[in-house]
Amino acid sequence: MTDPLATEAAPVDPGSSGTLHPFVAGSRAAGAVLPAPPYEPPTPVEIRDVSVPGLHGAPDFRVRVYTPTGHEGKLPGLLFLHGGAFILSLVDFFESQTTRIAAEVGAVVVSVDYRVAPEAPFPAGMEDGYAALEWMVEHVEELGVDPQRIGIAGESAGANLAAAVALAARDGNGPRLTMQYLGLPVLDDRLETPSMNTFVDTPGFNRRNAEVMWDSYLGGTKTKRGDDVSPYAAPARAEDLAGLPPTYIALAEFDPLRDEGFAYAQRLITAGVPTELRHFPGASHGVSELNPDAEVSRRMIAGQLDALRRGLHGDASSPSV
């Protein structure tokens with residue numbers, strides 16, 4: 001198998017003081033005490049942590065496996081990459097979502113505790129995602145997963161990693177994915193879209209946060225908007241999207257990332273990739289995790305579960321069937 005991931009990680013440039021940017025430090029302080037939204041699954045879900053070897057001698061990392069009980073035969077599998085602006089480890093916070101997917105979609109979910117920036121810039125997190133996918137394929141018997149029904153999903157920065165892993169799997173003749181779910185995806189380091197230039201200082205995630213996020217992820221040597229940014233770092237940079245798996249993209253109205261998601265969906269469609277796009281009026285970035293009981297959040301969650309059921313259990317040629 002061709003290895004598209006044999007790249008060298010960029011060195012960290014934390015700044016002359018060696019301290020974290022206030023956005024990074026503040027986000028980590030808030031994330032450390034952020035409780036997962038309450039969720040009680042309708043059927044029991046077994047949860048266990050597993051250590052997975054890193055790629056190219058990288059450190060081992062953790063994945064958390066969610067297995068719904070009460071099913072006969074093999075289930076579809078879903079590799080899940082959490083959000084967090086590339087700088088936060090939020091496996092625990094996203095546990096409500098991953099448990100919900102396992103219980104209500106009927107799938108084995110593997111959630112990746114990938115390395116984060118700025119200490120581990122690109123390609124660290126993306127390589128951990130790819131290593132987790134390879135591990136998942138190699139352990140389908142142990143996991144009880146149907147190897148013909150493995151999908152990938154991510155939220156926000158995790159959707160970037162999911163899209164990048166899908167590109168790398170295509171380019172390197174790697175594991176075949178039956179679908180990809182991209183929720184409010186981070187895709188383009190150039191920060192040139194109308195929505196990115198509109199939501200400059202909105203509460204929550206905004207353009208100012210996006211600037212720091214990309215500087216952290218690219219490691220200080222390959223700057224955003226530069227000519228040398230890899231499509232595995234910024235999937236919008238990929239010249240050809242043909243051959244990617246059927247895709248579902250969810251976007252929020254008041255999100256600086258909105259328009260790069262629209263552009264990526266249009267390019268997927270033009271490239272012949274079965275693509276379903278849902279835009280949620282009234283939604284802001286991360287609302288379905290931070291306020292899951294809001295009416296728009298309920299619609300977003302329902303759309304996600306429906307797309308995953310169709311993509312993993314239904315006609316694998318398209319999540320739109």
Side-chain angles (χ1 to χ4, degrees), residues 10 21-24 26-27 30 81-88 90 116-118 121-122 125-126 154-164 166-167 180-239 241 247-270 275 277-290 296-297 300:
H21 188 281
F23 170 66
V24 178
S27 297
L81 295 129
H82 65 76
F86 302 119
I87 61 173
L88 300 175
L90 294 178
V116 296
F122 172 80
M126 182 264 188
E155 294 284 355
S156 189
N160 168 294
L161 301 180
L167 283 167
Q180 62 175 341
Y181 167 90
L182 307 178
L184 315 184
V186 175
L187 296 165
D188 197 339
D189 64 294
R190 291 165 290 195
L191 308 178
E192 296 172 346
T193 65
S195 61
M196 189 60 72
N197 288 318
T198 297
F199 303 116
V200 175
D201 55 4
T202 48
F205 188 74
N206 53 50
R207 182 193 173 93
R208 293 176 183 173
N209 304 151
E211 296 268 2
V212 180
M213 173 187 71
W214 277 110
D215 286 341
S216 299
Y217 187 49
L218 295 179
T221 60
K222 294 185 180 347
T223 59
K224 57 186 180 295
R225 307 186 190 93
D227 294 334
D228 57 352
V229 174
S230 167
Y232 299 142
R237 298 280 197 144
E239 295 182 1
L241 301 183
T247 303
Y248 178 96
I249 297 178
L251 304 175
E253 180 181 8
F254 302 115
D255 186 352
L257 302 170
R258 181 193 67 201
D259 292 346
E260 61 198 70
F262 274 123
Y264 199 70
Q266 185 175 25
R267 290 186 58 210
L268 285 165
I269 294 167
T270 301
T275 302
L277 174 68
R278 290 286 303 276
H279 172 254
F280 291 91
S284 58
H285 190 84
V287 65
S288 62
E289 286 80 40
L290 297 171
V296 68
S297 298
M300 296 175 80

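In this text the structure is predicted, and so the values were computed from the model without any measurement.
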For [X], which residues count as a side-chain contact (heavy atoms from CB on, under 4.5 Å) partner, sequence neighbours excluded?
X: Gln266; result: Thr270
X: Pro281; result: Glu253, His279
X: Pro256; result: Met196, Phe199, Phe205

Determine whether [X] and [Y] make a side-chain contact, defined as any pair of heavy atoms from C-beta on separated by less than 4.5 Å.
X: Leu184; Y: Met300; value: yes
X: Leu277; Y: Ile269; value: no
X: Arg237; Y: Arg190; value: yes
X: Pro185; Y: Leu251; value: yes
X: Tyr264; Y: Leu241; value: yes
X: Ser284; Y: Thr202; value: no

Judged by atom type as modelled, is there a donor-acceptor pair below 3.5 Å linking the side chain of [X] to the main-chain atoms of [Y]?
X: Ser297; Y: Val287; answer: yes
X: Ser216; Y: Ala117; answer: no
X: Asn160; Y: Ala234; answer: no

Out of curiosity, Asp215 CG to Phe23 CZ, how far, rounded to the nearest 0.5 Å?
11.5 Å
Where at least one partner belongs to residues 198-208, residue pairs that pass salt bridge (charged side-chain N to carboxylate O under 4.0 Å, His left out), sequence neighbours excluded
Arg207-Glu211
All salt bridge (charged side-chain N to carboxylate O under 4.0 Å, His left out) counterparts of Asp255, not counting sequence neighbours
none
Over all heavy atoms of both residues, which pair between Pro118 and Val24 is shortest? Give the atoms and the distance, please.
CD-CG1, 4.1 Å
Test log, rule side-chain contact (heavy atoms from CB on, under 4.5 Å), inputs Leu268 and Ile249
CA-CA 11 Å; Leu268 285 165; Ile249 297 178; 4.0 Å; yes
Listed by chain and number, what are the ring-ring contact (aromatic ring centres under 6.0 Å, His included) partners of Phe86, not counting sequence neighbours?
Trp214, Tyr217
